Amino acid sequence: MRLRQSPARSTPTAALPVAIALASAVALTACGGQEGEQSEDPNAEAAAQLHDAQPLNVEDVTLLPESSEAGTYSELVTVQYSEEVRASTELDKPECTDAANRWSDLEAVREAPASVAAYEWDRGNVSHILVRLDEGSAAEALAVEPPETCAEYTATYEDGSSSDYGVADLDVPPVGDESRSFSIRVSDDGGENHMYTVMYRNGGLLGTTSVMGPGDAEDYEQMLVDFSEAAIKRQDQML
């Protein structure tokens with residue numbers, strides 16, 4: 001079973017804004033790469049179960065198996081790549097490092113089995129993270145929010161280019177046992193993109209659905225809810 005894949009290093013320009021915004025380096029751009037040694041990961045079996053519980057398709061959104069991976073969260077190739085990108089990026093507000101993703105620094109999360117899945121969609125990029133925790137740790141992770149000062153900040157990358165970011169709460173219907181939603185605006189010389197995210201708790205499972213693209217917010221917000229509800233339904237069936 002192919003579970004471990006690495007993000008394509010040949011597309012850093014497209015990946016940088018996403019990596020900083022999401023900071024878990026969910027591969028919203030093209031992925032692909034080498035196989036990982038699952039036998040060396042003590043969480044391999046649990047992570048494989050999470051991988052099997054990822055939705056295969058939701059409406060016209062379809063799973064890209066070759067662009068997905070599973071294993072211990074901190075050992076995922078996409079997570080490690082994101083950390084490399086962040087380390088080489090300068091922010092005008094240092095407190096906004098991992099602004100939307102501070103939950104991933106919790107020890108319980110970093111040591112947990114996880115699955116990161118990427119999906120094909122003709123209107124944007126869709127990704128879904130699933131992490132197995134206990135209910136208390138899942139609730140703690142969900143409660144971690146960015147500082148209010150991170151509503152607007154600027155990131156300057158190693159190559160000298162920069163992007164402006166804006167983080168705001170997103171008003172969409174709740175999903176799972178509890179959830180919170182937010183949007184991230186990314187602006188640079190190439191134009192403006194938005195990422196819309198729902199973080200939810202389903203018992204001891206922590207899920208994150210993200211959609212990124214230049215289209216209408218209403219379409220993306222609806223997909224966030226539809227996808228997250230479908231993901232929870234499949235989790236209840238498979239886990």
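Because the structure is a prediction, the values reported are computed rather than measured.
Residue E192 places its CD atom among more than 12 non-hydrogen atoms of other residues, nucleotides or ligands, all under 6.0 Å distant. A 6.0 Å sphere centred on CD of E90 holds no more than 12 heavy atoms belonging to other residues, nucleotides or ligands. No more than 12 heavy atoms of other residues, nucleotides or ligands lie within 6.0 Å of CG in D189, so this atom counts as exposed by the packing criterion. Atom CD of E107 sits in a sparse spot, with 12 or fewer heavy atoms from other residues, nucleotides or ligands closer than 6.0 Å.
With values rounded to the nearest 0.5 angstrom, D134 atom CG is found 11.5 Å from L206 atom CG. The line from OG1 of T197 to CE of M212 is 10.0 Å long, rounded to the nearest 0.5 Å. In this structure, CH2 on W103 lies 10.5 Å from CZ on R110, to the nearest 0.5 angstrom. Note that OG of S183 is 11.0 Å distant from CG of D171, once rounded to the nearest 0.5 Å. To the nearest 0.5 Å, the span separating OH on Y165 from CE on M195 amounts to 9.0 Å. For the atom pair N202 CG and I232 CD1, the distance stands at 5.0 Å (nearest 0.5 Å).
With hydrogens and angles ignored, the 3.5 Å screen pairs a side-chain donor or acceptor of K93 with a backbone N or O of T149. With D216 contributing its side chain and D219 its backbone, the two residues share no donor-acceptor pair below 3.5 Å. A donor-acceptor contact shorter than 3.5 Å is absent between the side chain of S137 and the backbone of L133. Side-chain atoms of R201 never come within 3.5 Å of backbone atoms of E140 as a donor-acceptor pair (strictly under, hydrogens ignored). Within the 3.5 Å criterion, the main-chain N or O of N101 finds a donor-acceptor partner in the side chain of S104. In this structure a side-chain-to-backbone donor-acceptor pair under 3.5 Å is missing from K233 to S228. With R132 contributing its side chain and A114 its backbone, the two residues share no donor-acceptor pair below 3.5 Å. A donor-acceptor contact shorter than 3.5 Å is absent between the side chain of D164 and the backbone of T154. Looking only at distances, a side-chain donor or acceptor of S68 sits under 3.5 Å from a matching main-chain atom of A118.
A salt bridge links E152 to R185: at least one charged side-chain nitrogen sits closer than 4.0 Å to a carboxylate oxygen. Taking 4.0 Å as the cut-off between side-chain N and carboxylate O, R123 and E218 do not count as a salt-bridged pair.
Counting all heavy atoms, side chain and backbone alike, P146 lies closest to V167 at CG-CG1, 4.2 Å. For A141 against M199, the heavy-atom pair with the smallest separation is O-CE, 4.2 Å. The two residues A138 and G203 come nearest to each other via the heavy atoms CB-O, 4.1 Å. Taking all atoms of both residues into account, the shortest heavy-atom contact from H128 to G207 is NE2-CA, 4.4 Å. Considering all non-hydrogen atoms of both residues, A155 and T89 come closest at CB-CG2, 3.8 Å.
Counting heavy atoms from C-beta outward, L91 and T156 have side chains that stay 4.5 Å or more apart. No side-chain heavy atom of L76 sits less than 4.5 Å from a side-chain heavy atom of S74. Using a 4.5 Å heavy-atom threshold, the side chains of E59 and D226 count as touching. Taking the side chain as every heavy atom from C-beta outward, L63 and N57 never approach each other to under 4.5 Å. In this structure, the side chains of R234 and L56 come closer than 4.5 Å at one or more pairs of heavy atoms. In this structure, L205 and V131 have side chains that are not in contact, with every pair of non-hydrogen atoms separated by 4.5 Å or more. Put simply, the side chain of L239 reaches to within 4.5 Å of the side chain of Q49, judged on heavy atoms. Residues F227 and Y119 form a side-chain contact, since some pair of their non-hydrogen atoms from C-beta on lies under 4.5 Å apart.
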**Study point:** Worked check of side chain to side chain donor-acceptor pair (under 3.5 Å) between Q54 and S115
**Key:** CA-CA 8 Å; Q54 293 279 14; S115 171; 3.0 Å; yes
**Study point:** Audit row: E69, T78, side chain to side chain contact (heavy atoms under 4.5 Å, CB included) steps and yes/no
**Key:** CA-CA 8 Å; E69 64 170 328; T78 47; 2.6 Å; yes
**Study point:** Derivation of the side chain to side chain contact (heavy atoms under 4.5 Å, CB included) call for L142 and R180
**Key:** CA-CA 7 Å; L142 189 64; R180 66 181 181 88; 4.1 Å; yes
Review point. Step by step, would you call V198 with V172 a side chain to side chain contact (heavy atoms under 4.5 Å, CB included)?
Key: CA-CA 9 Å; V198 170; V172 298; 4.1 Å; yes
Exercise for review: Apply the test side chain to side chain contact (heavy atoms under 4.5 Å, CB included) to residues M223 and Y196: give CA-CA distance (whole Å), side-chain angles for both, the deciding distance (0.1 Å), then the verdict.
Suggested key: CA-CA 10 Å; M223 176 53 68; Y196 306 90; over 6 Å; no
Review point. Taking it one step at a time, do S163 and Y157 satisfy side chain to side chain donor-acceptor pair (under 3.5 Å)?
Key: CA-CA 8 Å; S163 297; Y157 310 118; 3.0 Å; yes
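Using modelled atom types and a 3.5 Å distance limit, the side chains of D188 and N193 yield no donor-acceptor pair.
In this structure, I184 is a member of the same hydrophobic cluster as V144, with clusters built from ILVMFWY side-chain heavy atoms closer than 4.5 Å. Linking Ile, Leu, Val, Met, Phe, Trp and Tyr residues whenever their side-chain heavy atoms come within less than 4.5 Å leaves V116 and L64 in two separate clusters.
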